[in-house]
Amino acid sequence: MATPRVPEETALSSTCPIPIEQLNELCKKSCEQLILPETTYAHDKTTFWNEALIKAILKSLIDVCPTHKFIVYSTIIQNDTTTKSRGIHSTSGAYWNSETDGMYNFQWAGGVQDAGLNIVISITWIRRD
């Protein structure tokens, strides 16, 4: 069973044009519909998975909030417990209107235990003028 990691609301996500709970559910639903519990990591499928996730999330965001522009990033990480170390660190920065624009990060783990994958989704919104 996949378990999303839901970050606490931060200054970057406090301007979200839809409730954070709804944004979290949208990301979780997109991951669960694409990555089935029996899925194992397959490098040759990562492009398809990333593109499908981004497309599904963008469609949902546009449907619920046409007042903003959205940028969605998806990173898929192999979940391989046989390696002694596995890590990823990513940082983003932006110059925007901090009263109307922001970003949100979502982490999801799924697929077959010890052979599945982790997904990190970052969503940025910018209010249309």
Using side-chain heavy atoms (C-beta onward) and a distance below 4.5 Å, is D101 in contact with R127? yes
Rounded to the nearest 0.5 angstrom, the CG-CG distance for D63 and L26 is 9.5 Å
Shared hydrophobic cluster, L53 / I71 (ILVMFWY, side-chain heavy atoms < 4.5 Å): no
From OG (S30) to CD (E32), nearest 0.5 Å: 9.5 Å
Verify side chain to side chain contact (heavy atoms under 4.5 Å, CB included) between Y104 and T124, making sure each step is shown before the conclusion. CA-CA 7 Å; Y104 174 77; T124 302; over 6 Å; no
Any non-hydrogen side-chain atom of T75 less than 4.5 Å from a side-chain atom of I119? no
For the residue pair P66 and R128, what are the closest heavy atoms and their distance? O-NE, 3.2 Å
Any donor-acceptor pair under 3.5 Å linking the side chain of S60 with the backbone of A56? yes
Joint cluster assignment, I57 & I76, ILVMFWY side-chain distance < 4.5 Å: yes
Answer yes or no: are there more than 12 heavy-atom neighbours, outside F70 itself, under 6.0 Å from its atom CZ? yes
What's the verdict on side chain to side chain contact (heavy atoms under 4.5 Å, CB included) for F106 and L23, showing C-alpha distance, side-chain angles and the deciding distance? CA-CA 9 Å; F106 174 87; L23 185 59; over 6 Å; no
M103 vs Y73 side-chain heavy atoms within contact, under 4.5 Å: no
If you define the side chain from C-beta out and look only at heavy atoms, does anything of W125 sit under 4.5 Å from T100? no
Looking at NZ of K69 and CG of L61, how far apart are the two atoms once the value is rounded to the nearest 0.5 Å? 15.0 Å
Report the distance from atom CD1 of I126 to atom CG of N97, rounding to the nearest 0.5 Å. 10.5 Å
Minimum heavy-atom separation for I121 to C31, with atom names? CD1-SG, 3.8 Å
Candidate pair I77 and L117, rule side chain to side chain contact (heavy atoms under 4.5 Å, CB included), full reasoning: CA-CA 6 Å; I77 306 155; L117 47 107; over 6 Å; no
Minimum-distance pair of heavy atoms, taken over all atoms of Q33 and L36: O-CD2, 4.3 Å
Heavy atoms, side chains only, cut-off 4.5 Å: are I35 and W108 in contact? yes
For a 4.5 angstrom cut-off between non-hydrogen side-chain atoms, does P19 reach N24? no
How close do T15 and E99 get, counting heavy atoms only, and between which atoms? CG2-O, 3.6 Å
V72 and I54: which non-hydrogen atoms are nearest, and at how many Å? O-CD1, 3.8 Å
Locate the shortest heavy-atom distance separating V64 from I18; write the atom from each residue and the value. CG2-CG2, 4.0 Å
